[in-house]
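Let me begin by presenting the structure, written as structure tokens, before commenting on it.
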Amino acid sequence: LSYSKSNNAPRTHQRDELSFRNFKENAKATYLHEVTPTLMEDYKSKRLQTVAVRTVNLELVTVKAMFNRAVEWKMINENPIKSVKKIKSPISKTIHFLEKLEIEKLLENANSVMYPIIYTFLKTGMRRDELVFLEWSDIDWKNKQIKIINKEVRNPKGQKERYIPIDNKLINILKSLPRNGSSFVFSTPEGKPRVNNLNREVKKVAAKAGIKKNINLHMLRHSFASHLVMGGVDLSTVQRLLGHSSITTTQIYAHLETVS
């Protein structure tokens with residue numbers, strides 16, 4: 001840190017101080033020889049649960065620089081973590097989601113069939129097939145949650161089961177749906193899952209509501225996640241609710257985090 005202070009701008013030195021403090025608190029290493037590639041990989045995984053990819057990469061670069069200085073000063077023979085690579089950021093893309101007013105307009109213009117479907121997407125962030133093949137047995141009314149499990153009737157993305165909490169309004173909406181003699185929650189009058197035309201129907205509702213965005217079902221999932229992050233929910237929780245296998249995928253919402 002003394003070297004950093006003497007050779008860098010004040011802002012860079014402050015950043016180095018913060019990086020080293022985070023490293024010491026999370027890596028739990030006392031001696032230089034304890035810092036290994038394995039320790040650094042564990043450190044990266046741990047930090048990704050609470051901070052963005054960019055922050056973890058910055059901390060890794062700072063710690064690597066520290067060991068490079070140690071080599072120059074002949075304290076060690078070589079940098080023990082020179083092989084540890086930075087995390088590849090997810091492909092940069094713009095996340096499109098609905099603002100609160102747009103959500104209100106969309107729901108106001110949905111008919112009795114589409115309102116429950118759209119509302120459920122917005123309140124659970126489920127994938128299309130997860131909603132289409134949702135069954136009554138997947139709903140835990142007592143604990144107010146939906147269980148997402150792998151099923152033969154759909155091609156599951158990821159293997160882990162997960163639970164999504166639901167509020168009283170959604171519970172009431174789901175309870176009011178006609179059963180149609182079907183095990184599926186969102187069934188046709190014939191009792192079959194609604195596998196066709198959902199995207200088209202959502203676009204019709206959006207057009208009726210005067211929403212200019214190119215809305216699709218995945219945008220409803222993005223809207224669920226985006227409003228959670230903007231509301232202060234941490235990325236690891238959002239990852240679990242969305243069913244992402246890696247926190248790196250969830251990092252696409254990191255820019256929406258409220259700056260404290």
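Below, each value reflects all heavy atoms present in this structure, side chains not excepted, and no hydrogens, waters or symmetry copies.
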For side-chain contact (heavy atoms from CB on, under 4.5 Å), just list the numbers for N57 and R54, CA-CA rounded to whole Å, side-chain angles, deciding distance to a tenth of an Å, and then say yes or no. CA-CA 5 Å; N57 285 339; R54 181 178 179 277; 5.8 Å; no
side-chain contact (heavy atoms from CB on, under 4.5 Å) between T36 and L39: does it pass, once the steps are laid out? CA-CA 5 Å; T36 63; L39 179 139; 3.6 Å; yes
Run the side-chain contact (heavy atoms from CB on, under 4.5 Å) test on L198 and F186 for me, step by step, so that the C-alpha distance in whole Å, both residues' side-chain angles and the decisive distance to 0.1 Å come before the verdict. CA-CA 11 Å; L198 278 186; F186 298 99; over 6 Å; no
Please test H227 against I103 for side-chain contact (heavy atoms from CB on, under 4.5 Å), starting from the C-alpha separation and ending with a verdict. CA-CA 11 Å; H227 285 285; I103 289 174; 3.9 Å; yes
Going through the distances and angles, do S236 and D234 end up as a side chain to side chain donor-acceptor pair (under 3.5 Å)? CA-CA 6 Å; S236 60; D234 62 273; 2.3 Å; yes
For side chain to side chain donor-acceptor pair (under 3.5 Å), just list the numbers for N68 and K82, CA-CA rounded to whole Å, side-chain angles, deciding distance to a tenth of an Å, and then say yes or no. CA-CA 9 Å; N68 286 336; K82 63 181 180 181; over 6 Å; no
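Going from atom CD1 of I95 over to atom OG of S223 covers 10.5 Å, rounded to the nearest 0.5 Å. Taking CD1 of I211 as the start and CG of L106 as the end, the distance is 4.5 Å to the nearest 0.5 Å. Here D42 contributes atom CG and T38 contributes atom OG1; the two are 7.0 Å apart, rounded to the nearest 0.5 Å. Here the NE2-OG distance, from H96 to S226, works out to 11.0 Å after rounding to the nearest 0.5 Å. Rounding to the nearest 0.5 Å places CD1 of I215 at 4.5 Å from CG of L98. Rounding to the nearest 0.5 angstrom, the gap separating the NE2 atom in H13 from the OH atom in Y3 is 13.5 Å.
V56 and V63 fall into different hydrophobic clusters, where Ile, Leu, Val, Met, Phe, Trp and Tyr are joined by side-chain heavy atoms under 4.5 Å apart, directly or via other members. In the hydrophobic cluster analysis, where Ile, Leu, Val, Met, Phe, Trp and Tyr join through side-chain heavy atoms closer than 4.5 angstrom, Y43 is grouped apart from L48. By the rule that hydrophobic residues join a cluster once side-chain heavy atoms approach within less than 4.5 Å of another member, I87 and V61 end up as members of separate clusters. If you chain together hydrophobic residues whose side chains sit under 4.5 Å apart, F23 and V53 never meet in one group. Linking Ile, Leu, Val, Met, Phe, Trp and Tyr residues whenever their side-chain heavy atoms come within less than 4.5 Å places L32 and M40 in a single cluster.
Between the side chain of K28 and the backbone N or O of E25, at least one donor-acceptor pair lies under 3.5 Å. Not a single donor-acceptor pair under 3.5 Å links the side chain of R221 to the backbone N or O of M126. Remark: the backbone N or O of G243 is paired with a side-chain donor or acceptor of R127 at under 3.5 angstrom. Remark: side-chain polar atoms of N180 are not paired, donor with acceptor, to backbone N or O of S182 under 3.5 angstrom.
Q239 and S246 get closest at one heavy-atom pair: NE2-C, 3.4 Å. Across every non-hydrogen atom of K123 and F224, the tightest pair is O-CE1, 3.3 Å. The heavy-atom pair separating P116 from I173 by the smallest distance is CB-CG2, 3.7 Å. Closest of all the heavy-atom pairs between F133 and D138 is O-OD2, 4.2 Å. Nearest heavy atoms, L241 versus P165: CD2-CD, 3.6 Å. Among all heavy-atom pairs drawn from P193 and T188, the shortest one is O-CG2, 4.2 Å.
Heavy atoms from other residues, nucleotides or ligands lying under 6.0 Å from CG of N77 number 12 at most. Dense packing is recorded around NZ of K203, with more than 12 heavy atoms of other residues, nucleotides or ligands lying under 6.0 Å away.
With H222 as the fixed residue, the ring pair (Phe, Tyr, Trp, His ring centres under 6.0 Å) test singles out one of Y253, F97, F121: Y253. The residue from K64, K46, R47, K24 that alone fulfils the salt bridge (charged side-chain N to carboxylate O under 4.0 Å, His left out) condition with E59 is R47.
Between M219 and V202, every side-chain heavy-atom pair lies at or beyond the 4.5 Å cut-off. In this structure, the side chains of Y163 and D140 stay at 4.5 Å or more apart for every pair of heavy atoms. Using a 4.5 Å cut-off on side-chain heavy atoms (C-beta onward), L1 and E17 make contact. Side-chain contact check for V113 versus R194: some heavy-atom pair is nearer than 4.5 Å. Side-chain contact check for T124 versus Y119: every heavy-atom pair is 4.5 Å or farther apart. Looking only at side-chain heavy atoms (C-beta outward), E102 and K213 come within less than 4.5 Å of each other. Taking 4.5 Å as the limit, some side-chain heavy atom of N168 sits within range of a side-chain heavy atom of K144. Under the 4.5 Å side-chain criterion, counting only non-hydrogen atoms from C-beta, Y115 is in contact with L107.
A salt bridge is absent between K105 and E108: the closest approach of a Lys/Arg side-chain nitrogen to an acidic carboxylate oxygen does not fall below 4.0 angstrom.
For D16, there are no salt bridge (Lys or Arg N to Asp or Glu O under 4.0 Å) partners, not counting sequence neighbours.
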